[in-house]
Amino acid sequence: MDLETGGVNAPLGRAGNGRSTKGIPVTLKRTDHCGCLRPGDVGRQVVLAGWVQSYRDHGGVVFVDLRDRSGVVQVVFHPEAAAAHALARQLRNEDVVLIRGAVTARGPKAVNPKIPTGWIEVVAEQIEVVNQAEPPPFLPSQPEAVNEDLRLKYRYLDLRRPEMTEALTLRHRVTKLMRDFGDEHGFLEIETPMLYKSTPEGAREFLVPSRLHPGAFYALPQSPQLFKQTLMVAGLDRYLQIARCFRDEDLRADRQPEFTQLDLEMSFVDREDVINLVTELLRRLWKQVLDVELATPFPRLSWRQAMDRFGVDRPDTRFGLELRDVSAAAAQTDCAVFQQALAAGGCVQMIAAPGAAGLTRRQLDQLTESARQLGAKGLAWLKLGGESEAGAMGGPIAKFIPAAVQQELRRLTGASDGDLLLAVADTREIGWRVLGELRSTLARQLNLIPPDRHDFVWIVDFPCLERQAGGRLVARHHPFTAPLDEDLPLLASRPEEARAKAYDIVLNGVEIGGGSIRIHQRQVQARMFALLGISPEEAQRKFGFLLDALRFGAPPHGGIALGLDRLVMLMLKRQSIRDVMAFPKTQSGADLMTEAPSPVEPRQLQELAIGVIAGPKRG
RNA sequence: GGGGGCGUAGCUCAAUUGGUUAGAGCAUCGGAUUGUCGAUCCGAAGGUUGCGGGUUCGAUCCCCGUCGCCCUCGCCA
């Protein structure tokens, strides 16, 4: 090939904007990826393919930063390669090019230590401009953050950014490892239907009209729960799926209408088997993807311990500020709010905020206000030490607390001078809720959360059931969760106290997965439905296929689902699961790139026997 | 459904107490430039201040409505 021709391209005619590159044949074939070249490649002839990230035209020498998925490398055009040089001078951001040249060591003064390829550059001999780009709405290399709605509209530009490429790459490595791990442990990857039966329990469903059955609908699955149990009855023993799930509820930074779970189910196992397997999976993920060695087994808390110590069932164990029940000490005070709460059968709970005795009255008022919004009647506070002498207590209620009880409170909470005690006197549940929330808020405010911690904890022994405001019992996990064997008798007498063979895995205060051992006996399942107020007819209508399956030889089985998006988000320390999904939706469920959801043709509705009551919103 | 924040040039932002011709950096276009890497230098172009209404002599600024995005409570495993 003639090095002087610089390829087959005619001049680009950039200024005239007659910019078609149609009909120009591509003759070069890629040999290497931009970001992978190293000093060891010096001397090699390579062909690179990628996008122009920036160009620096010095009149003579021209530099082009060429980017592909692997990274960026600097390409140099010298005037001696005249044709290539002439084309290079007309390059613009995000043009797509193929470049042939020699990998060359940079001179000592020309090294750029900021990029991995900064010790070498490619001296171009030939360039083919595959496709010219119009000036994009934003540049993938732009240092300032771009509005998220713009990023979502031009997602293909956004995904060119290294952070996004990194996220999708890591996500791929995570799912690949999950599949490999499952394969090693005897799991079969089995797909389950997306067009599914509507079972209006739990989350609101997306409905899909059936053309062949006018007036009837499929639902998109909230999860493959019932199918995976059915697969166990089928004797497939171990099932795994990277499963898409759909829930039509309001969105958050960590919630999308469609999201992904690692869903798995195993036969002839108990709780320990599932916990051990998932612990090993997580240990391996952190080791092989993040190069972090996790200490296993992970700590384990019963649901009740988690609530008593942290006020929530997904405790962030990276910091202290634990709740303490100080009811016994509070009973020995003359404090009216304490006495009233205790008399009403409630309790007094406290947290000790280290070094927070210096909070201003205004800050304390704000805490009190948020406590009220969370349902408390108020928030009592005590400053230890502070303005007065060491060992003293300050605050509006301090004078009602005898010295001996003050000492007892210090002992119970582990607080000392300079700390702040916050107390809620109310029902136990409100105390949990309020102090659990304040605990997180204070930890952030007081900077008590250590970075770079990976605090996993298993939460076990959840209550099976929960009594709703109206007095009705509902399943806390789902109605197929088996009670602990020793708690089976409680179902008849005190059902709220029965604990379940359920487990959640929590990382840094975020629930990343949950599962249970399922009921595999029809009689137990029938009792559970009865407790939940689901009549046999209703149960048969909604879950008949599973009840049938339980009659024909169901093995004991159980499983878990891990939220893949949240898991990857935490691994990458991103603030939103949208940043670890290729094509996420906005808070109102819109896809700004494709403009879904959109109105449809009347003909389509007619075919589906659907009438629309309210029209779509007008922009 | 409720609460809060944001919306100004293609992008990121500024604009004094409501005041005269709405500015800057990047991107774009033209020119210069042989070692840059957020290149540099000279020049140019670029605005329905999300949209609609109101108050005012005068609105980017104040008020009402509306649309969009984000955070959050409710909701949701």
Side-chain angles (χ1 to χ4, degrees), chain A residues 14-17 53-66 72-80 85 89 92-94 104 106-115 117-118 121 123 133-154 157 201-205 222-223 225 245-257 259 261 263 313-314 370 373-375 433 437 459 462 475-478 481 502-506 510-516 560-563 566 575-576 578 585-590 592 595 617-619:
Chain A
R14 177 73 69 167
N17 251 345
Q53 171 150 310
S54 76
Y55 51 92
R56 296 176 291 280
D57 181 354
H58 289 251
V61 67
V62 175
F63 299 100
V64 169
D65 291 342
L66 191 66
V72 177
V73 70
Q74 174 165 285
V75 181
V76 196
F77 295 83
H78 291 292
E80 291 72 36
H85 182 258
R89 295 195 71 183
R92 292 296 180 267
N93 291 320
E94 302 305 313
T104 311
R106 295 199 195 186
K109 278 187 237 164
V111 164
N112 179 5
K114 283 186 268 185
I115 56 173
T117 59
E121 61 194 3
V123 178
E134 288 180 23
F138 61 92
L139 292 175
S141 57
Q142 192 168 314
E144 321 90 63
V146 177
N147 267 335
E148 195 174 0
D149 44 353
L150 201 73
R151 292 173 52 203
L152 291 176
K153 179 169 181 186
Y154 301 97
L157 296 179
E201 305 282 308
R204 196 178 294 125
E205 300 170 317
Q222 299 172 33
S223 77
Q225 181 62 36
C245 306
F246 303 87
R247 291 176 192 160
D248 187 9
E249 296 292 346
D250 284 2
L251 308 183
R252 289 282 193 287
D254 59 353
R255 276 195 239 153
Q256 282 275 303
F259 62 98
Q261 290 184 341
D263 193 44
D313 60 4
R314 42 174 181 81
S370 35
Q373 281 175 8
L374 291 163
R433 183 182 156 88
E437 189 59 40
I459 310 299
F462 283 84
R476 180 175 271 276
H477 188 60
H478 55 60
T481 300
Y503 32 81
D504 277 1
I505 178 71
V506 173
V510 179
E511 182 206 321
I512 56 171
S516 64
I560 195 167
L562 299 180
R566 284 185 188 177
Q575 299 303 308
S576 157
R578 294 188 299 272
K585 293 174 179 59
T586 68
Q587 199 161 50
S588 63
L592 296 181
E595 298 187 316
K617 277 190 275 189
R618 295 272 159 209

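Since the model is a prediction, treat every value here as computed from it, not as a measurement. Naming convention: chains lettered A, B, ... in sequence-line order (proteins, then strands); numbering from 1 in each chain.
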**Message:** Base, sugar-phosphate or nothing for A:Val73? Non-hydrogen atoms, less than 4.0 Å.
**Reply:** nothing
**Request:** Figure out the CD/C1' separation between A:Gln256 and B:A77, and round it to whole Å.
**Result:** 16 Å
**Asked** B:A45 and B:C26: how far apart are their C1' atoms, nearest whole angstrom?
**Response** 15 Å
**Request:** Kindly state whether the pair A:His477 / B:A77 counts as stacked, where counting means centroids closer than 5.5 Å and planes tilted less than 30° apart.
**Result:** no
**Prompt:** So, is A:Lys153 close to the B:G68 phosphate, meaning a side-chain N or O under 4.0 Å from OP1 or OP2?
**Reply:** no
**Prompt:** Does a side-chain N-to-carboxylate-O contact under 4.0 Å join A:Asp65 and A:Arg56?
**Reply:** yes
**A:Pro108: side-chain contact (heavy atoms from CB on, under 4.5 Å) partners, not counting sequence neighbours** = none
**Item:** Pairwise P distance for B:G25 and B:A14, with rounding to whole Å
**Value:** 16 Å
**Message:** Going by ring-ring contact (aromatic ring centres under 6.0 Å, His included), name the residues that satisfy it together with A:Phe259, two or more places apart in sequence or in a different chain.
**Reply:** none
**Request:** Indicate, with a heavy-atom threshold strictly under 4.0 Å, whether A:Ser54 touches base, sugar-phosphate, or nothing.
**Result:** sugar-phosphate
**Prompt:** So, is A:Tyr503 near the phosphate of B:A77, with a side-chain N or O under 4.0 Å from OP1 or OP2?
**Reply:** no
**Message:** Whether the side chain of A:Thr117 engages the backbone of A:Val72 through a donor-acceptor N/O pair (distance < 3.5 Å, no angle test) should be reported.
**Reply:** yes
**Request:** For B:G65 versus B:C71, give the span between their P atoms, rounded off to a whole number of Å.
**Result:** 24 Å
**Request:** Scan every strand shown for a Watson-Crick or G-U wobble partner of B:U20, both distances under 3.5 Å, and answer none if you come up empty.
**Result:** none
**Asked** Looking at the side chain of A:His78, which of B:G35, B:A77, B:U34 is the nearest nucleotide?
**Response** B:G35
**Asked** Across all strands shown, which nucleotide pairs with B:G65 by Watson-Crick or G-U wobble geometry, both distances under 3.5 Å?
**Response** B:C51
**Request:** Please measure how far the C1' atom in B:G30 lies from the corresponding atom in B:G46, and state the result in whole Å.
**Result:** 15 Å
**Item:** ring-ring contact (aromatic ring centres under 6.0 Å, His included) partners of A:His78, counting only residues at least two apart
**Value:** none
**Complete:** Between CG of A:Asn93 and C1' of B:C29 the distance, given in whole Å, is 14 Å
**Request:** Rounded off to whole Å, could you give me the NE2-to-P distance for the A:His85 and B:G35 pair?
**Result:** 12 Å
**Prompt:** Does any nucleotide pair with B:C41 by Watson-Crick or G-U wobble geometry, both distances under 3.5 Å, and what is it?
**Reply:** B:G31
**Request:** Report the distance from atom CZ of A:Phe63 to atom P of B:U40, rounded to the nearest whole Å.
**Result:** 14 Å
**Fill in**
A:Tyr55 atom OH is separated from B:A32 atom P, nearest whole Å, by 15 Å
**B:C11 - base-pair partner by Watson-Crick or wobble geometry, distances under 3.5 Å** = B:G25
**Complete:** Residues passing the ring-ring contact (aromatic ring centres under 6.0 Å, His included) test with A:His477, sequence neighbours excluded, are none
**Request:** List for me each residue that meets salt bridge (Lys or Arg N to Asp or Glu O under 4.0 Å) alongside A:Arg476, sequence neighbours excluded, and say none if there are none.
**Result:** A:Glu466
**Item:** Results of salt bridge (Lys or Arg N to Asp or Glu O under 4.0 Å) for A:Asp263 - residues two or more places apart only
**Value:** A:Lys228
**Nearest-angstrom distance, C1' atom, B:C64 to B:U56** = 16 Å
**Prompt:** Between atom CG in A:Asp57 and atom P in B:G35, what is the gap in whole Å?
**Reply:** 12 Å
**Separation of the P atoms in B:G52 and B:A59, to the nearest angstrom** = 15 Å
**Complete:** Nucleotide by nucleotide, nucleotides 4-11 of chain B touches protein heavy atoms under 4.0 Å in the pattern (B base, S sugar-phosphate only, - none) ------SS
**Asked** Within less than 4.0 Å of OP1 or OP2 of B:U36, is there a side-chain N or O belonging to A:Arg56?
**Response** no
**Request:** Provide the full list of salt bridge (charged side-chain N to carboxylate O under 4.0 Å, His left out) pairs with a residue in residues 135-150 of chain A, sequence neighbours left out, each pair given once.
**Result:** A:Glu148-A:Arg578
**Euclidean distance for C1', B:A9 against B:G50 (whole angstrom)** = 14 Å
**Message:** How would you summarise protein contacts on nucleotides 69-76 of chain B per nucleotide, using B for base, S for sugar-phosphate only and - for none, with heavy-atom distances below 4.0 Å?
**Reply:** SBBBBBBB
**Request:** Sort out the partner of B:G46 for me: Watson-Crick or G-U wobble, both distances under 3.5 Å, none otherwise.
**Result:** none
**Item:** Rounded P spacing from B:U60 to B:G7 in Å
**Value:** 15 Å
